[in-house]
Amino acid sequence: NIRYLQSPYALFNGDLLLAAFTPAGDMHVLLGDFTGHGLPAAVGAMPLAEVFYGMTTKGYGLAETLREMNAKLKRILPVDMFCCATMLCLGFQSRSLEVWNGGMPDGYLHHIASGERTPLTARHLPLGVLSPHTFDDRTEVFPMAMGDRVFLMSDGVIDTCDADDQLFGEQRLQQVFAANRHADT
């Protein structure tokens, strides 16, 4: 169910993509981007993955899993380090998409029937910034139909520059979406 492209500048980095099925058959997906570069940015990936996989396979929902990930990162990371993240629950039986976005660029729910894209906007601070009692675990839920697609990206897509130092940017991303005539690509 997942197609991805990861093109890191370094072997060790702070970007991660996690996915696992819940006991009920839904799929949890997390796209994360830790602050910094190189090995220091990768330090939080293992503890985050441990919580994500452990709680998802036990059947915990997004809110509980996000709370635990935030608390763990707040506890172990240096003050200037955090993880921008988008976490999803793809409900295959309920045909729904539950979303929490903390500091990542907008993702998109592409409705195949209408061609419209619903932005999955960041409404929260990144993981590891807020204390457990101030952390906001509220999610948004959107209906999905058979064939709908979800697009997620880190800031590497928007912030990429061409040979003339022109940012790819949000406007060009929207142009790529508008010009695409092949749902599978």
Side-chain angles (χ1 to χ4, degrees), residues 1-19 27-45 48-49 52 62 66 69-70 73 77-78 80-90 97-130 136 139-145 147-185:
N1 295 324
I2 298 174
R3 293 186 194 152
Y4 69 94
L5 171 65
Q6 188 174 18
S7 181
Y9 286 115
L11 178 61
F12 292 104
N13 64 77
D15 292 352
L16 72 155
L17 175 64
L18 308 173
M27 179 182 268
H28 285 183
V29 177
L30 182 133
L31 179 65
D33 183 3
F34 281 90
T35 50
H37 299 286
L39 193 54
V43 166
L48 189 71
F52 175 87
L62 290 193
L66 286 160
M69 288 189 298
N70 180 71
L73 293 180
L77 293 178
D80 61 341
M81 188 175 251
F82 52 83
C83 181
C84 294
T86 300
M87 189 164 170
L88 312 174
C89 178
L90 296 158
L97 171 67
E98 184 179 6
V99 181
W100 183 92
N101 185 342
M104 289 292 272
D106 288 356
Y108 295 92
L109 170 56
H110 179 87
H111 302 281
I112 200 74
S114 66
E116 293 178 12
R117 287 175 304 283
T118 301
L120 308 175
T121 306
R123 304 201 188 282
H124 306 283
L125 290 174
L127 296 170
V129 172
L130 297 172
D136 185 357
T139 60
E140 295 178 278
V141 179
F142 302 94
M144 285 188 76
D148 285 357
R149 311 249 177 186
V150 177
F151 294 93
L152 300 178
M153 69 208 83
S154 70
D155 60 0
V157 173
I158 308 286
D159 295 345
T160 297
C161 290
D162 64 14
D164 298 324
D165 282 334
Q166 295 285 320
L167 280 177
F168 182 71
E170 182 69 31
Q171 185 177 3
R172 285 198 180 128
L173 176 65
Q174 294 302 327
Q175 290 169 352
V176 168
F177 280 140
N180 184 30
R181 299 291 173 247
H182 305 284
D184 289 339
T185 54

Minimum heavy-atom separation for [X] to [Y], with atom names?
{"X": "F82", "Y": "P126", "answer": "CD1-CB, 3.4 Å"}
{"X": "S154", "Y": "D33", "answer": "CB-OD2, 4.1 Å"}
{"X": "L62", "Y": "C89", "answer": "CD1-N, 3.8 Å"}
{"X": "L127", "Y": "L73", "answer": "CB-CD1, 3.8 Å"}
{"X": "A122", "Y": "G103", "answer": "CB-N, 3.7 Å"}
{"X": "G147", "Y": "I112", "answer": "O-CB, 3.6 Å"}

Under 3.5 Å, is there a donor-acceptor pair between the side chain of W100 and the main chain of D136? yes
Donor-acceptor pair, D162 side chain versus D164 backbone, under 3.5 Å? yes
Between F151 and L173, does the side chain to side chain contact (heavy atoms under 4.5 Å, CB included) criterion hold? Intermediate values first, please. CA-CA 11 Å; F151 294 93; L173 176 65; over 6 Å; no
[X] [atom1] to [Y] [atom2] distance, which is reported to the nearest 0.5 Å:
{"X": "E116", "Y": "L109", "atom1": "CD", "atom2": "CG", "value": "10.5 Å"}
{"X": "F142", "Y": "D148", "atom1": "CZ", "atom2": "CG", "value": "12.5 Å"}
{"X": "L66", "Y": "L30", "atom1": "CG", "atom2": "CG", "value": "7.5 Å"}
{"X": "M104", "Y": "H124", "atom1": "CE", "atom2": "NE2", "value": "14.0 Å"}
{"X": "D15", "Y": "F34", "atom1": "CG", "atom2": "CZ", "value": "10.0 Å"}
{"X": "D159", "Y": "F168", "atom1": "CG", "atom2": "CZ", "value": "11.5 Å"}

Hey, are the side chains of [X] and [Y] touching, using non-hydrogen atoms and a 4.5 Å cut-off?
{"X": "L152", "Y": "L17", "result": "no"}
{"X": "T121", "Y": "N101", "result": "no"}
{"X": "L90", "Y": "V150", "result": "yes"}

Sole residue of L16, L77, N70 in side chain to side chain contact (heavy atoms under 4.5 Å, CB included) with L48: L16
How would you list, by chain and number, every residue that makes a side-chain hydrogen bond (donor to acceptor under 3.5 Å, both in side chains) with T118, sequence neighbours excluded? H111
Qualifying residues under side-chain hydrogen bond (donor to acceptor under 3.5 Å, both in side chains), relative to R123, sequence neighbours excluded: E140
